[in-house]
Amino acid sequence: QVQLLESGGGLVQAGGSLRLSCAASGRTFSSYTMGWFRQAPGKEREFVAGINRSGSTIDYADSVKGRFTISGDNAKNTLILQMNSLKPQDTAVYYCAARSGNLVYQDYPRYDYWGQGTQVTVSS
C-alpha cells in the first residue's frame, strides 16, 4: 500500500507556472503507475497526465500537452507535475493517484490510491 501527499498548489496569474509534488510513502512509487487528475467545481474528475512504473509510457490530456510535464524523482520517492503557461481553465483541485500494473489509464476509477488534493487557482 502507498500513501500520497500533494503539495505545491496556489494562486498564480495566467501565463505563470506552478510545480506540484506528490510524496509517496509506504512503498516506492516506482512500484506503481502514477497519474495526476484534476477536478473543477461542478465537473467530473479528469485525467491530466500519467507515467507508468517503468517510465516507458507518458500520457497527457490534450488540454495540457506542451504545457505540463510529468516526471518522477526516484531518490525522493516523489512525483512531479511541472505546469507552465497556465490558463484560468486549469483552475481545479489536483490529485495524485497510483495504480498497480504498468498501464496508464485516463479513467480515474482504475486508480487505487489517492492523495487529498491541492488547490490550483489561475487568475485572468
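In this chain, residues are counted from 1 in sequence order. No experiment lies behind these values; they were computed from the predicted model shown.
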(Q) Between Thr78 (side chain only) and Lys76 (backbone N and O only), is there a donor and an acceptor less than 3.5 Å apart? (A) yes
Q) Side-chain heavy atoms under 4.5 angstrom apart, residues restricted to Ile, Leu, Val, Met, Phe, Trp, Tyr: same cluster for Val2 and Ile80? A) no
Q.
Go through it in stages, so that I can follow the logic: the residues are Thr69 and Tyr60, the test is side chain to side chain contact (heavy atoms under 4.5 Å, CB included), and I'd like the CA-CA distance, side-chain angles, deciding distance and then a yes or no.
A. CA-CA 8 Å; Thr69 303; Tyr60 295 98; 3.8 Å; yes
Q. Given the rule that I, L, V, M, F, W and Y join up when any side-chain heavy atoms are under 4.5 Å apart, are Tyr111 and Val48 in one cluster?
A. no
Expected list for residues 12-25: side-chain donor-acceptor pairs under 3.5 angstrom, two or more places apart:
residue	atom	partner	partner atom	Å
Ser17	OG	Asn84	OD1	2.9

Q) When rounded to the nearest 0.5 angstrom, what distance separates CG in Asn52 from OG1 in Thr33? A) 5.0 Å
Q. Nearest 0.5 Å, what's the CD-OG distance between Gln1 and Ser31?
A. 13.0 Å
Q.
Are Leu103 and Trp114 linked, directly or through intermediate hydrophobic residues, by side-chain heavy-atom contacts shorter than 4.5 Å (ILVMFWY only)?
A. yes
Q. Does the Glu6 side chain pair with the main chain of Gln116, one donor and one acceptor, at a distance under 3.5 Å?
A. yes
Q) What pairs with Asp90 under side chain to side chain contact (heavy atoms under 4.5 Å, CB included), at least two apart in sequence or on another chain? A) Arg38, Arg67, Phe68, Leu86, Lys87, Tyr94, Val122
Q: Could you tell me which non-hydrogen atom of Ala92 sits nearest to which non-hydrogen atom of Ala40, and how far apart they are?
A: CB-N, 3.8 Å
Q: Check whether NZ of the Lys or CZ of the Arg Arg45 lies under 6.0 Å from the centre of the six-membered ring of Tyr95 and within 45 degrees of that ring's axis.
A: yes
Q. When hydrophobic residues are tied together by side-chain contacts of less than 4.5 Å, even through go-betweens, does Leu79 share a cluster with Leu4?
A. yes
Q) Nearest 0.5 Å, what's the CD-CG distance between Glu46 and Asp107? A) 13.0 Å
Q.
Would you say Phe37 ends up clustered with Val104 if hydrophobic residues are merged whenever their side chains have heavy atoms under 4.5 Å apart, either directly or through other cluster members?
A. yes
(Q) Rounded to the nearest 0.5 Å, what separates atom OG in Ser30 from atom CG in Asn74? (A) 5.0 Å
Q.
To the nearest 0.5 Å, what is the distance between CZ on Phe47 and OH on Tyr105?
A. 12.5 Å
(Q) Show every disulfide (SG to SG under 2.5 Å) that has at least one partner inside residues 52-82, sequence neighbours left out. (A) none
Q: Say whether, by atom type as modelled, one donor and one acceptor occur between the side chain of Asn102 and the main chain of Arg53 under 3.5 angstrom.
A: yes
Q. Taking atom CE of Met34 and atom OG of Ser71, what is their separation to the nearest 0.5 Å?
A. 11.5 Å
